[in-house]
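Inspection log for the structure reproduced underneath, given as structure tokens.
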Amino acid sequence: MADPAPEQERPVLGDEAGQAAAENAVGSLVAELQEGWGQHDAEISNRHFAADVAWGSPFGATVHGYERLHDIHRRLKASGVGGPASRYEIEHVLSLGEDVAVAHVARRALDADGRVLELTEDVSGGFSEMAMYVLVRRNGTWWLAAGQNTPIRPGGAA
């Protein structure tokens, strides 16, 4: 990849014309993630994951393909990994065209009373995480093409 010329202006990649559709698509995905978490049901959470989804776990593993990822999510939901409850929050949505969206979505781990768990370095119990999602629209339907989860640590980014 060539370096841009010093006088070249850095481009803005966001597409205002597609922003509302991107925000709606991310909102729908987050609603499915929330419902799936609440019911411990990977079928609901993964309803709009593409067949060739690319996934990065919060622990550095990569998974490619819906079937493999879905099997993992079924096991995790059945075992209650991540805490007793969670709340999903959309942090940012960027439309990259009428059919592509990128979003940051936080999953806040909650205690049994619905309070956000204190951030910790320990991810063996409930922990919060930040995800980056890439959604692509095909034939009028939005699909999750890629996701990457990262635990949210005390103090945030250094």
Side-chain angles (χ1 to χ4, degrees), residues 11-117 119 123 125-153 156-157:
V12 172
L13 300 178
D15 174 41
E16 288 183 30
Q19 189 64 29
E23 289 173 3
N24 288 336
V26 172
S28 293
L29 174 68
V30 166
E32 288 177 353
L33 294 172
Q34 187 69 60
E35 182 182 357
W37 189 279
Q39 295 186 34
H40 307 287
D41 189 334
E43 296 292 333
I44 296 170
S45 294
N46 299 353
R47 187 176 292 145
H48 284 99
F49 286 26
D52 57 349
V53 64
W55 194 263
S57 85
F59 307 108
T62 57
V63 179
H64 299 104
Y66 174 81
E67 292 301 330
R68 187 162 172 237
L69 180 60
H70 187 65
D71 287 343
I72 292 167
H73 282 174
R74 268 200 308 245
R75 286 194 310 272
L76 292 175
K77 294 212 182 293
S79 65
V81 171
S86 289
R87 180 179 66 233
Y88 285 84
E89 300 172 356
I90 299 170
E91 298 284 332
H92 183 74
V93 177
L94 177 66
S95 170
L96 296 177
E98 64 182 42
D99 296 324
V100 180
V102 174
H104 281 111
V105 175
R107 183 188 61 79
R108 309 281 183 203
L110 307 175
D111 66 16
D113 295 321
R115 292 183 302 258
V116 175
L117 292 175
L119 297 178
V123 293
F127 65 95
S128 295
E129 57 191 333
M130 181 63 66
M132 178 181 279
Y133 297 133
V134 178
L135 287 83
V136 176
R137 183 167 39 189
R138 289 287 190 267
N139 300 318
T141 301
W142 286 91
W143 296 96
L144 184 71
Q148 174 66 53
N149 292 330
T150 303
I152 300 173
R153 306 286 190 175

Does a side-chain N-to-carboxylate-O contact under 4.0 Å join [X] and [Y]?
| X | Y | answer |
| --- | --- | --- |
| E91 | R108 | yes |
| R68 | D71 | no |
| R137 | E98 | no |

Do any N or O atoms from the side chain of [X] and from the backbone of [Y] form a donor-acceptor pair under 3.5 angstrom?
| X | Y | answer |
| --- | --- | --- |
| Q19 | S95 | yes |
| D113 | R115 | no |
| Q148 | A54 | no |
| D111 | G114 | yes |

Any side-chain heavy-atom pair from [X] and [Y] closer than 4.5 angstrom?
| X | Y | result |
| --- | --- | --- |
| E43 | R47 | no |
| W55 | L144 | yes |
| V105 | Y133 | yes |
| L135 | V100 | no |
| M132 | V102 | yes |
| D15 | L96 | no |
| S45 | K77 | yes |
| P11 | L13 | yes |

How close do [X] and [Y] get, heavy atom to heavy atom, and via which atoms?
| X | Y | answer |
| --- | --- | --- |
| F49 | L29 | CE1-CD1, 4.3 Å |
| Y66 | A50 | CB-O, 3.5 Å |
| E32 | I44 | O-CG2, 3.5 Å |
| L110 | L117 | C-CG, 3.9 Å |
| S128 | L119 | CB-CD2, 4.2 Å |
| V136 | A145 | CG2-CB, 3.9 Å |

Could you pull out all residues at least two apart from E129 that satisfy side chain to side chain contact (heavy atoms under 4.5 Å, CB included)?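 Side chain to side chain contact (heavy atoms under 4.5 Å, CB included) check on E129 returns P58, R107, F127, N149.
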[atom1]-[atom2] distance between [X] and [Y], expressed to the nearest 0.5 angstrom:
| X | Y | atom1 | atom2 | value |
| --- | --- | --- | --- | --- |
| M130 | H92 | CE | NE2 | 11.5 Å |
| D52 | W143 | CG | CH2 | 11.0 Å |
| R75 | H70 | CZ | NE2 | 11.0 Å |
| H73 | D41 | NE2 | CG | 12.5 Å |

